[in-house]
Amino acid sequence: MFSLEELEQATALVHQHILPTPQYNWPQLCRESGCDLWVKHENHTPTTAFKVRGGIVLLNHLNSLAQKPRGIISATVGNHGQSLAYAGQKVGMPVTIVVPEGNNEDQNRAIEGFGANLVIFGRDFEAARQHSLQLQQEYGYQAIAPFARELVLGVASYALEFFSAVPDLDTVYVPIGMGSGICGLIKTRDLLGLKTKIVGVVSEGAPTFALSFEAGRVIPTDRVDTIADGVATRSPIQEAFDIIKAGAERIVKVSDNEIASAMYQYYQKTHNLAEPAAAAPLAALLQEKQCMKGKKAGVILTGGNIDFDRMVKYVMPVAAAC
């Protein structure tokens, strides 16, 4: 998909816009998990999520073409849209983002704040996506899918930072949405010749990647039911699945209760906000704490984009029970 030289160049480009994110070894989380745990804080980017890295690399690529697009358009429920809006503003390219009705208002304001044209349409993501394709024809813009080479190359810069800063990681846990984050991690691991095991994490209510991994082929699902929007995937993209199938150690399913508990652990023990999908890796590690005891592990805190009402709704019952 890309070479180490290309990854290093992409990382340098990302660092022209954002600082490398930190990785912290939180003592209380180490005690809770029973292992030497390192958290990669992708919630510390300008969009509060890892995807901005892919947006920067993709928009820089499109803007360098001899026949660059008049603009770009994509559908999203949040972080993907923020990343494109942020990067589009940097290179001066018009961006239109389509979100479904009832989308997180904090995300909507952030997308508009970064200069994108926000369109609200449809009852769910699929309706928004179909509308974005219609608008693409009307506007003459280029449609951007959530999994593309330059997006994976860009987000892989977090993996290069993490592996360079924390050597000898036994296992890294990462959520799986459409696959760019875990694929960037796998490809970087392989390019560096490391033995680190990569564990993908999904919600029990959105198990398509877990079912597909077990079957060795894509198994789509009819619906999803989870608090974790970032991993609410009904069917894997084939290219992403092929990389995960070849390079992941296993895929762990976590419940909404486990996710909410991990969100509370992050807030209580580190005072960091984690959106549900971003808390899923910690939830998976805590689920597997017996087999991970004493090992050196990493979790990717992929983002912190959660509104106040949902944070209270998900976390307060956990806090009350403690």
Side-chain angles (χ1 to χ4, degrees), residues 29 32-33 37 39 42-43 48-51 76-80 99-107 123-126 146 173-179 181-182 199-214 219-236 244 248 250-270 272-290 292 299-322:
L29 287 183
E32 185 72 26
S33 64
L37 177 59
V39 179
E42 289 299 284
N43 59 319
T48 328
F50 77 105
K51 288 191 176 181
T76 184
V77 293
N79 291 337
H80 175 61
V99 301
E101 298 166 3
N103 195 54
N104 182 332
E105 284 297 328
D106 289 355
Q107 290 275 26
R123 297 178 60 183
D124 57 20
F125 171 76
E126 184 58 26
Y173 292 78
V174 59
I176 308 177
M178 296 308 294
I182 187 173
V199 177
V201 186
V202 300
S203 167
E204 288 179 351
T208 182
F209 269 103
L211 296 173
S212 301
F213 191 80
E214 292 166 6
I219 304 292
T221 54
D222 294 331
R223 59 188 294 271
V224 295
D225 183 15
T226 177
I227 64 173
D229 292 344
V231 295
T233 304
R234 287 193 293 163
S235 181
I244 295 166
R250 60 186 177 275
I251 294 179
V252 177
K253 292 180 287 186
V254 293
S255 68
D256 279 357
N257 286 339
E258 288 175 308
I259 290 171
S261 179
M263 292 169 67
Y264 179 63
Q265 293 287 343
Y266 270 128
Y267 184 76
Q268 183 192 48
K269 293 179 170 62
T270 76
N272 274 267
L273 290 181
E275 61 193 68
L282 178 59
L285 173 60
L286 294 175
Q287 184 187 115
E288 296 191 335
K289 64 188 297 183
Q290 291 303 316
M292 290 300 297
V299 291
I300 312 301
L301 202 175
T302 49
N305 286 312
I306 181 168
D307 61 83
F308 180 78
D309 290 342
R310 293 185 193 186
M311 182 69 181
V312 171
K313 178 181 177 181
Y314 301 155
V315 173
M316 281 302 292
V318 177
C322 291

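Source: prediction; values computed, not measured. The first residue in the sequence is number 1, and the count goes up from there.
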Q. Which atom pair, heavy atoms only, marks the closest approach of Gly230 to Ala277?
A. CA-CB, 3.8 Å
**Q.** Smallest separation among heavy atoms of Ala280 and Val201, with atom names
**A.** O-CG1, 3.4 Å
Q: Quick one: do Met263 and Leu273 satisfy side-chain contact (heavy atoms from CB on, under 4.5 Å)? Show the steps, please.
A: CA-CA 7 Å; Met263 292 169 67; Leu273 290 181; over 6 Å; no
Q. Do Val254 and Gln287 have side chains that get closer than 4.5 Å, going by heavy atoms?
A. yes
Q: Of all the heavy-atom pairs spanning Ala206 and Thr226, show the shortest one and how long it is.
A: CB-CG2, 4.3 Å
Q) What is the minimum heavy-atom distance between Ala210 and Val202, and which atoms define it? A) CB-CG2, 3.9 Å
Q) Distance from Met178 atom CE to Thr76 atom OG1, nearest 0.5 Å? A) 11.0 Å
Q | Leu282 and its side-chain contact (heavy atoms from CB on, under 4.5 Å) partner, picked from Leu37, Leu301, Val39 | A | Leu37
Q.
To the closest 0.5 Å, what do you measure between CD (Glu42) and OG1 (Thr48)?
A. 11.0 Å
**Q.** Residue pair Glu204 / Asp256, side-chain heavy-atom distance below 4.5 Å
**A.** no
Q: Keeping the roles fixed (side chain from Thr270, backbone from Tyr266), state whether a donor-acceptor pair exists under 3.5 Å.
A: yes
Q. What distance separates Leu286 CG from Glu32 CD, expressed to the nearest 0.5 Å?
A. 6.0 Å
Q) Measuring from Tyr173:OH to Met292:CE, what's the distance to the nearest 0.5 Å? A) 4.0 Å
Q. Would Asn305 and Asn104 count as having a side-chain donor-acceptor pair, cut-off 3.5 Å?
A. no
Q. Should Asp106 and Arg310 be marked as a salt bridge (Lys or Arg N to Asp or Glu O under 4.0 Å) after you check the CA-CA gap, both sets of side-chain angles, and the distance that decides it?
A. CA-CA 11 Å; Asp106 289 355; Arg310 293 185 193 186; over 6 Å; no
(Q) For Lys313, is the NZ atom crowded, meaning more than 12 foreign heavy atoms sit under 6.0 Å from it? (A) no
Q: Could you tell me which non-hydrogen atom of Pro207 sits nearest to which non-hydrogen atom of Lys253, and how far apart they are?
A: CB-CD, 4.1 Å
**Q.** Whether Lys51 side chain and Gly181 backbone form a donor-acceptor pair below 3.5 Å
**A.** no
Q) From Ile251 CD1 over to Ile176 CD1, what is the distance, rounded to the nearest 0.5 angstrom? A) 4.0 Å
**Q.** Pro276 to Ala228 - nearest heavy-atom pair and separation
**A.** CB-CA, 3.6 Å
Q: Please round to the nearest 0.5 Å and tell me the distance separating atom OG1 of Thr221 and atom CZ of Phe209.
A: 10.5 Å
